[in-house]
Amino acid sequence: RSSDLPFLPDLARELKVDDDLIRQLRAKNLITHSEEQQLGNESVDDKRVDKLLGILRFKPPGTYAKFCSCLRAAGRDWIADMIGGGLPNETQGCGTAVDGQARSEDVIVEDKHLDALKNHIAAKNEDVITFAKHLLGWSDTQARQFIVDNQSESMSRKWFLVGKKWTDEFGCKATVRKLLDVLGHIGKRGAAEKALAEASLCM
């Protein structure tokens, strides 16, 4: 599966993959520990850039927004602007409206939506793991580490934290429609639609 990160010659020419950017990529879970080591072991700048772009090309959708966020966090705003990437949390161009009002599935997910769903979706750790992998594009190892890191939390809280991480990272792209689509892939859409309807949050 190919990511939504565009390949642009300008990006390859201007990008410098230094330790600061690598730390940002790791913090955003865009690269694994093994990939981080591969990049760190490459001493030639051009080859390091080629290696990173090769790694990112096969990451899941959502990579582009995360990558732009990493660039900005590492002080490379001008590169993010060059490739046309805004912060994933920016609101410009977010809304999809019909007669001036956003359709219920096109509204941005807020804490109230996650609260309405958290007791209806996850019954066991495997549910949270599957949800995280589909929603955030995490590897199985990343998702299971999340469970370990949050083992003291309740099941509903773990589910909420995954959803919260998604809304924090993707902002206006984190819509109810996208959330329901992901839940549909794991057989939970019906329960989610019912819970949202009962909370008067989805038509």
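Since the model is a prediction, treat every value here as computed from it, not as a measurement.
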Completion exercise
Lys165 and Leu136 have their tightest heavy-atom pair at CD-CD1, 4.0 Å
Practice task
Report yes if some heavy atom in the side chain of Arg144 is under 4.5 Å from a heavy atom in the side chain of Glu126; otherwise report no.
Solution key: yes
Exercise for the section: Identify whether the distance between the nearest side-chain nitrogen and carboxylate oxygen of Asp18 and Arg76 falls below 4.0 Å. Expected result: yes
Problem - Between OG1 on residue Thr130 and CG on residue Asp140, distance to nearest 0.5 Å - result: 8.5 Å
Problem - Sidechain-backbone polar pair: Arg157 side chain, Asn150 backbone, donor-acceptor under 3.5 Å - result: no
Practice task
Check step by step if side chain to side chain contact (heavy atoms under 4.5 Å, CB included) holds for Lys188 and Phe131.
Solution key: CA-CA 10 Å; Lys188 301 288 186 178; Phe131 178 61; over 6 Å; no
Exercise for the section: Kindly give the heavy-atom pair with the smallest separation between Gln24 and Cys70, and that separation in Å. Expected result: O-SG, 3.4 Å
Exercise for the section: Would you give the length of the straight line joining atom NZ of Lys112 to atom CG of Leu196, rounded to the nearest 0.5 angstrom? Expected result: 11.0 Å
Fill in the blank from the handout: CG of Leu161 to CD of Glu153, rounded to nearest 0.5 Å, is 5.5 Å
Problem - Salt-bridge contact Arg23-Asp20 (side-chain N to carboxylate O under 4.0 Å) - result: yes
Problem - Note, Lys133 side chain near Gln142 side chain (heavy atom, < 4.5 Å) - result: no
Exercise for the section: Decide whether Lys158 and Asn125 meet the rule of one side-chain donor and one side-chain acceptor closer than 3.5 Å. Expected result: yes
Exercise for the section: Report yes or no: does Arg48 contribute a side-chain atom to a donor-acceptor pair with the main-chain N or O of Leu39 at less than 3.5 Å? Expected result: yes
Exercise for the section: Kindly indicate, with the supporting measurements, whether the criterion side-chain hydrogen bond (donor to acceptor under 3.5 Å, both in side chains) is fulfilled by Gln145 and Asp149. Expected result: CA-CA 6 Å; Gln145 185 60 50; Asp149 293 342; 2.8 Å; yes
Handout entry: Minimal non-hydrogen separation, Asn119 against Ser156, with atom names
Key = OD1-CB, 3.3 Å
Exercise for the section: Let me see the working for Leu71 and Leu15 under side chain to side chain contact (heavy atoms under 4.5 Å, CB included), right down to the final yes or no. Expected result: CA-CA 9 Å; Leu71 287 171; Leu15 184 62; 3.8 Å; yes
Practice task
Working to the nearest 0.5 Å, report the span between CG of Asp111 and NZ of Lys118.
Solution key: 9.5 Å
Exercise for the section: Give the ring-plane orientation class for Phe146 versus Trp138, where under 30° counts as parallel, over 60° as perpendicular and anything between as tilted. Expected result: tilted
Handout entry: For Glu169 against Lys66, the heavy-atom pair lying closest together
Key = OE1-CE, 2.9 Å
Practice task
Flag the pair Val107 / His113 as yes when at least one side-chain heavy-atom distance between them is below 4.5 Å, and no otherwise.
Solution key: yes
Problem - Value rounded to 0.5 Å, distance of CD in Gln37 from OG in Ser34 - result: 6.0 Å
Exercise for the section: Supply the atom-to-atom distance Ile55 CD1 to Gln38 CD, rounded to the nearest 0.5 angstrom. Expected result: 5.5 Å
Completion exercise
Looking only at heavy atoms, the pair that brings Glu35 and Leu30 closest together is OE1-O, 4.2 Å
Handout entry: Donor-acceptor contact below 3.5 Å, side chain Thr167 vs main chain Lys164
Key = yes
Practice task
Can you see which heavy atom on Leu183 is nearest to which on Ala192, and at what distance?
Solution key: CD1-CB, 3.5 Å
Handout entry: Contacts of Asp45 that satisfy side chain to side chain contact (heavy atoms under 4.5 Å, CB included) - sequence neighbours left out
Key = none
Exercise for the section: Flag the pair Lys51 / Lys47 as yes when at least one side-chain heavy-atom distance between them is below 4.5 Å, and no otherwise. Expected result: no
